[in-house]
Amino acid sequence: MRVLKNSIFLIFSKTINLVISFLMLPILSREFSVTDYGIYGQSLVVHSFFLAISAWGFGQFLYVVLEKEKGSQYFSHTLKLASVFGIILALLMTGFSTIIANWLGEPDLSIALKVFSISVVFSVVNTCLSSCYVYLNRTKQLIMIQASTNFIKVILILIAVYNEGSILSVIAVLTIIPVFQSVLMYFNQPLRIDFHDNVSEHYRYILKQASNIGFANVLGIGFVLIDSIMIMKILGTDVYALYRNGAIEIPVLSTIYLSVSSSVFSEISKLYEKRDISKIIELKKRVIRILAILIYPLVVFCIFNADSLIPMYLSDKYKESVFVFMIYSCLMFWRINDFQDVIIVSENGNKLIKNGILIILINLGLNFLLIPLIGMEGAALATLIANSVGFINMSLISSKILKVGLIEYWNLYLVGSVFLVCVLIFGILHSFDISFWFLPIELFVGYLIILTLGLKMKIVSVDELKVVGSRIPVIKKLFK
C-alpha cells in the first residue's frame, strides 16, 4: 500500500514536470533563433555534467541506507556531504565557464554558465531531501512543494521569453527555482538534521557506498553528453540545436517508466534485504511484461509518424531533426526495465562503473566514425548502439546476481511478440494515413487492437487496464 501511495504521488509529480517540459520546449524553439536555442542547450549540457558530479549518487544511496539503518544520522551526514560537493562543483563551474565557452566557440555562453552554476548546490540538496520525503511517506507534501514552485517557474519563464526575449533570463529562472524548492523542503522535512554531529566513520561509509553509484552516474551523463559535445565542436551550435530537438524522449512513456522504476527500486531494495530472490524475479518479469504492452505501441506510432509530429510540435525550423528523433525513439524499446536496481541493491556498483566505461568507449569511437560520415544522425546512431550494448551487459549482470536465465528474466519471446505485433498493426494503419488529422485515429485504433490482443493473450489483465485507466500505471496490480 505504501508503494502504491508513493507511486500515485510520484506519477502526479512527473506528470506536472512532463506538462511543463512539453509546453516550454516548443515555446523556446519557436521564439528563439536556432543559434540562441543552441546556446541554451549548451548551458544545460554543461550544467548537467557538473550536477551529476555533485549529486554523486547521494540520493540513491539514501533510498537504501534509510531502509537499512532506520535512522536520521546518515541523512544528516549525507546532506552535509552533498552540500559540500555542490558548493565545490558550483565554484568549479564558475571558474571554468570562460574556458568552456571559448572552447565551444560561443563566448556568450560564459555568463550563462556563471549564473546557472548557482543552481548546482541547491539541486543536489533537493535530491537528498526528496529521497527523505519519499522514504517517510511524505510524497504528498513533496509534490505540493514541487507543483507550486513549478507553477511559479512557468510564469517566470513566460515573462522571460515574451517580455525580456533573452535566453539568459530563462536560465536565471531555472537557477532561482531550485533555491525556492530547497528552502521549502528543508523547513518541512521531518528528520532532525544535526549540524554538530560529525562522525568520521559515517562520512567514510557514505562516500564508499555512494562512490560506485556516483562514478556510474557521472559515466552515464558523460556518455549522454559525448555526442552533444562532439556535434558542438565538429558541426557547430546551429546543428547542435537541430540535434537536441531530435534527441528527445517521448514524454508520456518516460513518465510511465520513471514512475514505475522509482517505486520498484524501493520495493526491490526491501526484497533483496530479505533475500527473497524469487519475488524480485517475479516483480521484474511483471514490470517488463506490462510496460512492454504500454510503451511499445506509442514508440512504434511515433517512429512511423515522426515526419509529421516534429514540424507540428517544434515548427518547420526543425524538420531536419526528424531522423534523429526516429533513431533516438528506438531507445524507448529498452525502457521496460530498470537495469541498475538489482545491481545497486546487491552492492555491485563497481560493475556499473565498468559498464559505464564500456559504453563511453563505444560511443566515443562510433561518434568519431559516424559524425563525419553522416552528420548528426551518426551521433544518434552511436548513442543507440552504445546504449544497447550497455543495457544488454547490465541485464546479464542482473541475471547472474538473481541466478535466472536472461530469456526468462526478460520474457524475451513475449516482448519480441509484442514488438512485432505493434510494427505490423501500425504499419498497416500508417498505409491509410490520409492527412495529419488521421493520426489520432491511427493511434487510438492501434492501441485498441494491441490492448485487445494483450487481453486475449493474457499479457495484461482487465484489472491492470482499469488501473491504467485511472492514471495509476499498473502499480496497484504489481504489488498485490
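What you are looking at is a predicted structure, and each value in this text was computed from that prediction instead of being measured.
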Note: A382 and L366 closest approach over all heavy atoms is CB-CB, 3.5 Å
Do N245 and Y313 get their side chains close enough for a donor-acceptor pair, meaning under 3.5 Å? no
Say you draw a straight line from OG of S395 to CG of L412; how long is it, rounded to the nearest 0.5 Å? 8.5 Å
C302 and L309 have their tightest heavy-atom pair at CA-CD1, 4.0 Å
If you round to the nearest 0.5 Å, how far is CD of E31 from CG of L158? 10.0 Å
Within this structure, what is the CD1-CG distance for the pair I450 and L298, rounded to the nearest 0.5 Å? 10.0 Å
Decide side-chain contact (heavy atoms from CB on, under 4.5 Å) for L439 and F301; before the verdict, give the C-alpha distance in whole Å, the side-chain angles of both, and the deciding distance to 0.1 Å. CA-CA 9 Å; L439 294 183; F301 168 80; 4.2 Å; yes
Hey, which of I27, L174, L23 is the one that makes side chain to side chain contact (heavy atoms under 4.5 Å, CB included) with I157? L174
Tell me whether N163 contacts the main-chain N or O of I159 through its side chain, where contact means a donor paired with an acceptor under 3.5 Å. no
Which heavy atom in A160 sits nearest to a heavy atom in S169, and how many Å separate them? CB-CB, 3.6 Å
Could you tell me whether the side chain of I143 reaches within less than 4.5 Å of the side chain of Q146, counting heavy atoms only? yes
Exercise answer: donor-acceptor pairs, residues 320-329 side-chain atoms, under 3.5 Å, sequence neighbours excluded:
{"from": "S321", "atom 1": "OG", "to": "L242", "atom 2": "O", "distance (Å)": "2.6"}
{"from": "S321", "atom 1": "OG", "to": "Y318", "atom 2": "O", "distance (Å)": "3.4"}
{"from": "S329", "atom 1": "OG", "to": "F325", "atom 2": "O", "distance (Å)": "2.8"}

Applying side chain to side chain donor-acceptor pair (under 3.5 Å), can you list everything that pairs with T175, at least two apart in sequence or on another chain? none
So which of I288, I293, L294 actually passes side chain to side chain contact (heavy atoms under 4.5 Å, CB included) with I336? I288
Shortest non-hydrogen separation from P311 to K319 and the atoms involved: CG-CG, 3.9 Å
Close side-chain approach of S119 to V179, heavy-atom, < 4.5 Å: no
Taking the side chain from S398 and the backbone from V342, do they hold a donor-acceptor pair closer than 3.5 Å? no
Do V46 and Q42 come within less than 4.5 Å of each other through their side chains, counting heavy atoms only? no
Would you give the length of the straight line joining atom CD1 of I428 to atom CG of L424, rounded to the nearest 0.5 angstrom? 4.0 Å
Checking the side chain of N126 only, and the main-chain atoms of S182 only, is there a donor and an acceptor separated by less than 3.5 Å? yes
Determine, step by step, whether N188 and Q141 satisfy the side-chain contact (heavy atoms from CB on, under 4.5 Å) criterion, reporting the C-alpha distance in whole Å, the side-chain angles of both residues, the deciding distance to 0.1 Å, and the verdict. CA-CA 8 Å; N188 286 281; Q141 292 88 334; 5.9 Å; no
Is there side-chain contact between S43 and Y40, with heavy atoms separated by less than 4.5 Å? no
Ring pair (Phe, Tyr, Trp, His ring centres under 6.0 Å) involving F419 - partner list, sequence neighbours excluded: F333
Are more than 12 heavy atoms from other residues, nucleotides or ligands located less than 6.0 Å from atom CE of M144? no
Please find the pair of heavy atoms, one from V415 and one from A292, that lie closest to each other, and give the distance. CG2-CB, 4.4 Å
Does the side-chain contact (heavy atoms from CB on, under 4.5 Å) test come out yes or no for I441 and L429, once each step is laid out? CA-CA 9 Å; I441 298 174; L429 291 173; over 6 Å; no
Would you check if L109 and L104 make a side-chain contact, meaning some heavy-atom pair closer than 4.5 Å? yes
Below 4.5 Å, heavy atoms only, C-beta onward: do M93 and F49 meet side chain to side chain? no
Atom pairs and distances, donor-acceptor, side-chain atoms in residues 218-232, under 3.5 Å, two or more places apart:
{"from": "D227", "atom 1": "OD2", "to": "Y243", "atom 2": "OH", "distance (Å)": "2.4"}
{"from": "D227", "atom 1": "OD2", "to": "T383", "atom 2": "OG1", "distance (Å)": "2.5"}

Heavy atoms of other groups near M457 CE, more than 12 under 6.0 Å: no
To the nearest 0.5 Å, what is the distance between OG (S33) and OH (Y37)? 12.0 Å
May I ask you to decide if I39's main-chain N or O and Y240's side chain share a donor-acceptor pair within less than 3.5 Å? no
Who pairs with F32 by ring pair (Phe, Tyr, Trp, His ring centres under 6.0 Å), at least two apart in sequence or on another chain? none
Residue pairs meeting ring pair (Phe, Tyr, Trp, His ring centres under 6.0 Å), one or both in residues 373-396, sequence neighbours left out, come to W334-F391, F339-F391
I'd like to check N367 versus I234 (side-chain heavy atoms, cut-off strictly below 4.5 Å). Are they in contact? no
Take atom NZ in K233; do more than 12 heavy atoms of anything else shown fall under 6.0 Å from it? yes
side-chain contact (heavy atoms from CB on, under 4.5 Å) between Q181 and L129, worked out: CA-CA 10 Å; Q181 290 176 334; L129 291 173; over 6 Å; no
dist F122:CZ -> F180:CZ (nearest 0.5 Å) comes out at 10.5 Å
What closest approach, in Å, do A172 and V115 show between heavy atoms, and which atom pair accounts for it? CA-CG1, 4.1 Å
Counting N and O atoms only, with roles assigned by atom type, does the side chain of S123 sit under 3.5 Å from a partner on the main chain of V120, one being a donor and the other an acceptor? no
Side chains of M185 and S130: does their closest heavy-atom pair fall under 4.5 Å? yes
